[in-house]
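Reminder, nothing fancy here: chain letters follow the sequence lines and each chain counts from 1.
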Amino acid sequence: MEQESFLLQARKEKLEKIRSLGVDPYPYRFERTHSLRAVIEGFEDLSSKEEIISLVGRLISLRGHGKTSFAHLTDGRGKLQIYVRQDEVGENAYSLFKLLDVGDFLGVKGGLFRTKTGEPTLKVEEFKLLSKSLRPLPEKWHGLKDKELKYRQRYLDLIANPQTKMVFEKRTEIIRFLRRFLDERGFWEVETPILQPLYGGAFAQPFLTHHQALDQTLFLRIADELYLKRLIVGGLEMVYEFGKDFRNEGMDRTHNPEFTQLELYQAYADYQDIMDLTEEMITGLAQNLNSSFQLNYQGEAIDLSPPWRRLAVKDSLLKWGEVDIERASDEELKELCRSQGIDTTELSGRGKLIEKLLDQLVEPRLRQPTFLIDYPQEISPLAKSHRSKPKVVERFELFIGGLELGNAFTELNDPLEQRKRFQALTTEKGEESKIDEDFLTALEYGMPPTGGLGIGIDRLVMLLTDQPSIRDVILFPQLRPED
RNA sequence: GGGGGCGUAGCUCAGUCGGUAGAGCAACGGCCUUUUAAGCCGUAGGUCGAAGGUUCGAUCCCUUCCGCCCUCACCA
């Protein structure tokens with residue numbers, strides 16, 4: 001802290017010197033004629049015309065040589081060298097330039113030329129300080145490596161590490177593509193409540209908050225599902241929502257307490273249609289982003305070429321668990337769990353046992369794109385029973401590179417059946433979790449046959465940007481407070 | 001929550017088999033009109049994550065705590 005104030009002090013003194021020269025270190029405006037990227041791309045043309053241009057940017061390097069200085073400016077899209085000479089800008093202006101630091105924002109005006117080494121450079125005729133920086137930026141050569149600092153002070157990470165900026169640029173492109181993809185198919189983008197009197201649509205602990213005026217407990221949503229289905233009842237037919245969901249559970253490489261999910265619902269579609277849509281959407285995305293179906297995730301080659309494997313839960317466990325879940329007794333399933341080192345004392349019901357076996361035996365093996373389909377009904381209360389297979393529902397989860405990316409159903413639209421499923425859950429849990437009567441009422445008015453999908457956007461970004469942790473694709477991931 | 005690793009200057013990192021610490025970059029002063037990790041000369045900057053213990057002496061060993069990372073568990 002002492003050290004920091006020492007460094008701060010030097011900059012504050014410069015700030016005062018600048019003010020005493022009659023210069024405002026935080027002025028309001030500077031007109032730029034070109035972005036730095038435009039200058040680099042149009043350099044030959046601009047320099048041959050000897051045009052005088054105006055540029056802005058942050059000073060990221062500074063090399064003074066007495067009465068002349070070289071520096072680099074960056075404006076977030078590009079980087080350009082500038083060259084300042086005392087005999088060009090005048091003595092007063094040059095002494096002001098000497099008071100500048102790496103980190104300051106600058107507007108410059110001049111013509112372009114190439115240095116001896118051929119680097120495109122702007123010869124400064126005039127410049128204007130646009131904003132004074134009071135703290136030193138991370139070191140120019142090694143950047144900012146400390147993960148904690150990268151997450152806590154993401155702005156420094158973005159300044160110091162171009163790769164970080166690229167990841168988040170791709171994140172923006174991914175979301176932009178998905179919106180366009182759905183908009184073009186006639187989906188409506190909608191917004192549903194984040195503050196909910198009841199929570200549902202997934203199994204997870206919620207965050208609680210309180211509304212003062214209503215004196216009411218509210219929950220931050222764990223999923224959008226039950227509201228989006230109400231809109232299907234309302235006749236919207238094709239809806240989607242990009243939204244933050246909040247789950248009050250553990251944090252790890254693939255879980256952040258708040259995360260972004262894309263949910264979409266399409267009337268008159270079933271889960272087969274949704275599989276087609278998902279495949280088309282994500283392969284289109286990869287093509288758009290990387291111009292290829294091939295990608296590398298954490299050293300592993302992944303081929304997104306369609307069609308993707310569609311593997312039934314039952315077949316997956318036959319293959320990797322050597323068990324027939326239709327025939328095996330509860331005790332046999334438990335035995336298999338135990339042989340895999342799974343603690344079965346807390347597990348009730350075949351559904352949970354099967355889910356555990358999937359976790360352990362199947363999911364880690366799903367490296368290439370795979371729709372795992374037809375899940376046990378008891379762990380899928382919002383999905384419609386399979387049209388021909390007993391005891392399973394029409395549901396899929398999507399796995400790529402071992403990441404669980406999506407979850408989808410042919411939606412259950414039988415209100416009486418839905419009520420039974422909710423009731424079975426509350427008795428199983430042995431607690432008075434409230435049933436969303438308003439949702440059931442909506443179903444009673446009639447919901448058309450519908451397919452629905454949830455995609456974990458953060459994990460999708462991880463996959464497509466080759467990042468190992470969800471924290472690397474969320475600008476401000478959840479951390480414990482310092483001290 | 002269990003196990004393992006890490007925490008030293010603003011940043012990136014050395015180091016001390018226990019004798020209160022170094023480098024590069026950044027900073028400050030000086031020289032320098034085509035440099036680009038500019039260069040040269042000089043200066044300053046640290047309660048070595050926090051607290052306690054062992055010791056003549058702790059940044060180093062021990063304990064506890066805090067934070068970060070990995071991993072297991074938990075997690076429709």
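Backbone-only contact: A:K356 has heavy atoms under 4.0 Å from sugar-phosphate atoms and none from a base. At a threshold of 4.0 angstrom between heavy atoms, the contacts of A:K123 with the nucleic acid are absent. Residue contacts shown for A:E249 are limited to sugar-phosphate atoms, with no base heavy atom under 4.0 Å away. When heavy atoms are screened at a 4.0 angstrom cut-off, A:R421 is found touching no nucleic acid atom at all. Among the protein residues, A:Y83 comes within range of the nucleic acid bases, having at least one heavy atom under 4.0 Å from a base atom. When heavy atoms are screened at a 4.0 angstrom cut-off, A:A202 is found touching base atoms of the nucleic acid. As judged by a 4.0 angstrom heavy-atom cut-off over every strand, A:R471 is placed among residues touching the sugar-phosphate backbone only. Using a 4.0 Å heavy-atom cutoff across all strands shown, A:L479 reaches sugar-phosphate atoms only and no base atom. Counting any heavy atom pair closer than 4.0 Å across all strands shown, A:T115 reaches a base atom. Among the heavy atoms of the strands lying under 4.0 Å from A:G201 is at least one base atom, whether or not backbone atoms are also near.
Rounded to whole Å, the separation between the P atoms of B:rU54 and B:rC69 comes to 35 Å. Between the C1' atoms of B:rG67 and B:rA51, the separation comes to 15 Å (whole Å). To the nearest whole angstrom, the two C1' atoms, one in B:rC13 and one in B:rC6, are 14 Å apart. Look at the C1' atom in both B:rC48 and B:rG7: the space between them is 10 Å, to the nearest Å. Atom C1' of B:rC61 sits at a distance of 10 Å from the matching atom of B:rU55, rounded to the whole Å. When the C1' atom is compared between B:rU8 and B:rU20, the two are found 13 Å apart, to the nearest whole Å. For the P atom pair drawn from B:rU63 and B:rG4, the interatomic distance equals 11 Å after rounding to whole Å. Spacing of P atoms, B:rU47 relative to B:rC11, comes out at 12 Å, to the nearest Å.
Within residues 64-76 of chain A, the residues having any heavy atom closer than 4.0 Å to RNA chain B are, in order of number, A:G64, A:H65, A:G66, A:K67, A:T68, A:F70, A:H72. For the segment residues 402-417 of chain A, no residue has any heavy atom less than 4.0 angstrom from an atom of RNA chain B.
For the pair A:R419 and A:F422, the cation-pi criterion (under 6.0 Å, within 45° of the ring axis) is not fulfilled.
Aromatic ring centroids of A:F409 and A:Y271 lie 6.0 Å or more apart. If you look at A:F219 and A:F207, their ring centroids are not closer than 6.0 Å.
An OP1 or OP2 oxygen of B:rA26 is reached within less than 4.0 angstrom by no side-chain nitrogen or oxygen of A:R135. Between A:R63 and B:rC25 there is no side-chain N or O to OP1 or OP2 distance below 4.0 Å. The phosphate of B:rA27 has neither OP1 nor OP2 within less than 4.0 Å of any side-chain N or O from A:R11. Listed pair A:R85 / B:rU33 fails the phosphate criterion, with no side-chain N or O lying under 4.0 Å from OP1 or OP2. Contact between the side-chain N/O atoms of A:K116 and the OP1/OP2 oxygens of B:rU35 is found at a separation under 4.0 Å.
Whole-Å rounding puts the A:E91 CD to B:rU33 P distance at 13 Å. Rounded to whole Å, atom P of B:rC31 lies 12 Å from atom CD of A:Q86. Atom CD of A:Q9 and atom C1' of B:rC28 are 13 Å apart (whole Å). For A:D359 and B:rA73, the CG to C1' distance is 12 Å, given to the nearest whole Å. In this structure, A:L15 places its CG atom 16 Å from P of B:rA27, rounding to the nearest Å. Atom CG of A:D343 and atom C1' of B:rG2 are 14 Å apart (whole Å). Here B:rC11 presents its C1' atom at 17 Å from CZ of A:R152, a figure rounded to the nearest Å. Summarising the geometry, the separation between CD1 on A:I222 and C1' on B:rC75 is reported as 11 Å, rounded to the nearest angstrom.
Both distances falling under 3.5 Å, in either a Watson-Crick or a G-U wobble arrangement, occur for no nucleotide opposite B:rU16. In this structure, B:rC11 forms a base pair with B:rG24, meeting either the Watson-Crick or the G-U wobble geometry with both donor-acceptor distances under 3.5 Å. When both distances must be under 3.5 Å, the Watson-Crick or G-U wobble mate of B:rC60 does not exist. Pairing of B:rU54, defined by two Watson-Crick or G-U wobble distances under 3.5 Å, is not identified with any nucleotide. Across all strands shown, B:rC65 pairs with B:rG49; the Watson-Crick or G-U wobble distances both stay below 3.5 Å.
A donor-acceptor pair shorter than 3.5 Å cannot be found between the side chains of A:Q261 and A:D224. A side-chain donor-acceptor contact under 3.5 Å links A:R171 and A:T260. With hydrogens and angles left out, the side-chain atoms of A:R135 and A:S133 include no donor and acceptor closer than 3.5 Å. With no hydrogens or angles considered, a side-chain donor-acceptor pair links A:Y94 and A:S69 at under 3.5 Å.
Ring orientation note: the planes of A:Y83 and A:F70 are close to parallel, at an angle under 30° on the 30°/60° scale.
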Any chance you could lay out the side chain to side chain contact (heavy atoms under 4.5 Å, CB included) test for A:V84 and A:V108, step after step, and finish with the verdict?
-> CA-CA 10 Å; A:V84 186; A:V108 294; over 6 Å; no

List the steps, then state whether side chain to side chain contact (heavy atoms under 4.5 Å, CB included) holds for A:Q377 with A:S385.
-> CA-CA 7 Å; A:Q377 186 191 96; A:S385 298; 3.1 Å; yes

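Side-chain atoms of A:Q81 come within donor-acceptor range of the base of B:rU35, with a qualifying N/O pair under 3.5 Å. No hydrogens or angles were tested; on distance alone, a donor-acceptor pair under 3.5 Å links the side chain of A:D87 to the base of B:rU33.
The listed nucleotides are B:rC69, B:rU35, B:rC11; the one nearest the side chain of A:E119 is B:rU35. Taking only side-chain atoms of A:E139, from C-beta outward, the nucleotide of B:rC70, B:rC25, B:rC68 with the closest atom is B:rC25. Of the candidate nucleotides B:rA44, B:rU12, B:rC69, B:rA44 has the atom lying nearest to any side-chain atom of A:F6.
When the nearest nucleotides of RNA chain B are assigned to A:I379 and A:L149 by heavy-atom distance, the more 5′-ward of the two goes with A:L149. Mapped onto RNA chain B by nearest heavy atom, A:R253 and A:W141 fall at different nucleotides, with A:W141 at the one closer to the 5' end.
Between the side chain of A:Q467 and the backbone N or O of A:T465 there is at least one donor-acceptor pair closer than 3.5 Å.
A salt bridge is defined here as a Lys NZ or Arg NE, NH1 or NH2 lying under 4.0 Å from an Asp or Glu carboxylate O, and A:R58 with A:D104 fails to meet this definition. A salt bridge does not link A:R77 with A:D75: none of the charged nitrogens is closer than 4.0 Å to a carboxylate oxygen.
Every residue was checked against the ring pair (Phe, Tyr, Trp, His ring centres under 6.0 Å) condition with A:Y265, not counting sequence neighbours, and none meets it.
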